[in-house]
Amino acid sequence: MVHLKLKPKGSYSFSETSRRLTQFEKTAYYQKGDILLRTIRLVERPLLLRLRWMEEALQVETDADLGAEEVQMLERRLRRMFSLDVDLTPFYEWIKQNDPVLYPVVQQRTGLHFVLDADLYECLMKTIIGQQLNLSFAATLINRLVEIAGETLRFDEQTVIPVFPTPEQVARLRYEDLQALQFNRRKAEYIIDISRRIVEGQLDLSRLERFSDDGVIEEMLPLRGVGRWTVECLLLFGLGRPNLLPAADIGLRNAVQSVYGYDIRPGEEEIRQLGERWQPWRSYATFYLWDWLSQG
DNA sequence: GGCCAGGCTAGCA
DNA sequence: TGCTAGCATGGC
């Protein structure tokens with residue numbers, strides 16, 4: 001058994017951060033009392049993690065038998081997933097000085113951090129599925145894909161937790177399998193075709209870590225099913241880039257309209273202009289506005 | 001019932 | 001180069 005105790009840098013609110021995972025996203029995380037269950041793959045190997053917040057740290061347990069190197073790898077992965085090394089103090093100071101309208105929205109959520117997906121493949125698949133759908137239906141479809149293609153790990157007698165499928169597992173599906181789950185034909189093709197490209201070695205997502213934001217956009221945009229918004233989500237929820245502004249996103253535009261009191265919904269260009277004052281924290285400004293939107 | 005969802009592609013001018 | 005129908009369904 002492995003037990004990690006991961007302390008965050010700066011002010012970190014686990015209740016704010018995890019609230020989104022169980023109430024809002026409704027995929028990947030499962031609540032068992034005060035424990036949060038999550039499966040991830042550590043070098044292909046599926047692990048069931050038990051997470052909880054105690055003594056101002058993220059406490060992580062798994063029954064898996066891991067070597068010292070794997071434990072280190074797991075620790076790095078989790079620090080990154082939960083943004084434990086992102087100190088938001090300068091962000092709060094910056095918004096206080098530069099954006100009095102956004103400041104109350106930010107202040108209400110002090111300590112709220114991004115939770116990244118477990119890996120880039122999972123993030124890409126979820127984002128493509130979520131294109132243009134309302135979030136609850138998107139979650140339904142994601143759960144159906146996980147169920148049809150992935151394996152499961154057992155937590156206790158009654159509780160079995162699914163593991164997000166590998167590209168190999170999704171590549172084996174037929175388009176019709178996903179259509180039967182109420183995916184539209186084209187979305188079924190995007191998901192399976194991209195998975196097959198990864199399996200065949202034509203697409204290597206791990207290379208993206210080293211690219212600039214624009215480099216990632218340039219690399220990913222030619223893929224069928226991947227538009228600008230999808231890459232922006234990959235940069236936010238897969239790579240954790242801090243200064244990304246998905247200016248065309250309908251949710252961000254709606255939130256800006258309400259918070260800043262615009263008569264009509266602002267366009268992409270207006271969002272870009274407004275976003276200038278959030279530099280170099282545009283990802284977190286966006287994230288807090290999204291959260292404001294889903295919370296009211 | 002109608003319109004909109006944290007879009008994207010293909011087809012057309 | 002720029003515009004738009006169609007997608008598959010849930011939620012309001």
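Chain identifiers are assigned alphabetically (A, B, ...) following the order of the sequence lines, protein sequences preceding nucleic acid strands; residue numbering begins at 1 within each chain.
- L133(A) comes within 4.0 angstrom of a nucleotide base, judged by non-hydrogen atoms across all strands.
- Position along DNA chain B of the nearest nucleotide to Q131(A) versus R265(A) favours R265(A) as the more 5'-ward residue.
- The 12-atom threshold is exceeded at CD of E151(A), counting heavy atoms of other residues, nucleotides or ligands nearer than 6.0 Å.
- Among the protein residues, L221(A) comes within range of no part of the nucleic acid, since none of its heavy atoms lies under 4.0 Å from any strand.
- Both geometric conditions, a ring-centre gap below 5.5 Å and a plane tilt below 30°, are fulfilled for W290(A) over the base of dG6(B).
- In E147(A), the CD atom is not crowded: 12 or fewer heavy atoms of neighbouring residues, nucleotides or ligands sit closer than 6.0 Å.
- Across the protein-nucleic acid pair, M125(A) atom CE and dG6(B) atom C1' stand 18 Å apart, rounded to whole Å.
- Heavy-atom neighbours of K7(A) NZ from other residues, nucleotides or ligands within 6.0 Å: above the threshold of 12.
- The interatomic distance linking L135(A) (CG) with dC4(B) (P) rounds to 17 Å, in whole Å.
- Atoms CZ (F137(A)) and C1' (dG7(B)) sit 15 Å apart, rounded to a whole Å.
- Using the six-membered ring where Trp is involved, W53(A) and Y12(A) have ring planes that are parallel, under 30° apart on the 30 and 60° scheme.
- By the 30° and 60° cut-offs, the orientation of the rings of F237(A) relative to W290(A) is parallel.
- Among the atoms of the strands shown, base atoms are found under 4.0 Å from some heavy atom of Q132(A).
- Side-chain proximity of R185(A) to dG10(C), dA8(C), dG6(B): nearest is dA8(C).
- Across every strand in view, dA10(B) sits in a pair with dT4(C) that passes the Watson-Crick or G-U test at under 3.5 angstrom.
- Look at E176(A) and R185(A) and you find a salt bridge, because one of the NZ, NE, NH1 or NH2 atoms lies within 4.0 Å of a carboxylate O, short of that distance.
- Candidate nucleotides dG6(B), dT9(C), dA5(B) were compared by shortest atom distance to the side chain of N254(A), and dA5(B) ranks first.
- Atom OH of Y190(A) is separated from atom P of dG7(B) by 14 Å (rounded to the nearest Å).
- The side chain of T230(A) lies closest to dC8(B), out of dC7(C), dC8(B), dA5(B).
- Cation-pi contact between R196(A) and Y175(A): present, with separation from the ring centre below 6.0 Å and deviation from the ring axis of at most 45°.
- Taking atom P in both dG6(C) and dG6(B), one finds a spacing of 23 Å when rounded to whole Å.
- The listed nucleotides are dT9(C), dG11(C), dC8(B); the one nearest the side chain of W229(A) is dC8(B).
- The side chain of S136(A) contributes an N or O atom lying less than 4.0 Å from OP1 or OP2 of dG11(C).
- Contact annotation for R228(A): backbone-only contact, meaning every heavy-atom pair under 4.0 Å involves sugar-phosphate atoms and none involves a base.
- Distances were taken from every side-chain heavy atom of R224(A) (C-beta onward) to each of dA10(B), dG11(C), dG6(B); the shortest belongs to dA10(B).
- Of the candidate nucleotides dC7(C), dT9(B), dG7(B), dT9(B) has the atom lying nearest to any side-chain atom of R186(A).
- Between the side chain of N134(A) and the base of dG11(C) there is no donor-acceptor pair of N/O atoms closer than 3.5 Å.
- Per the geometry, CD belonging to Q257(A) stands 13 Å off P belonging to dC4(B), to the nearest Å.
- Atom CD of E189(A) and atom P of dC7(C) are 13 Å apart (whole Å).
- The CD1 atom of I250(A) sits 16 Å away from the P atom of dC3(B) (whole-angstrom rounding).
- For the P atom pair drawn from dG10(C) and dC8(B), the interatomic distance equals 22 Å after rounding to whole Å.
- No contact: T127(A) has no heavy atom under 4.0 Å from any strand.
- Atom-to-atom, CD of E268(A) to P of dG7(B) comes out at 12 Å; the value is rounded to the nearest Å.
- Contacts of G130(A) with the nucleic acid, taken as non-hydrogen atoms under 4.0 Å apart, are absent.
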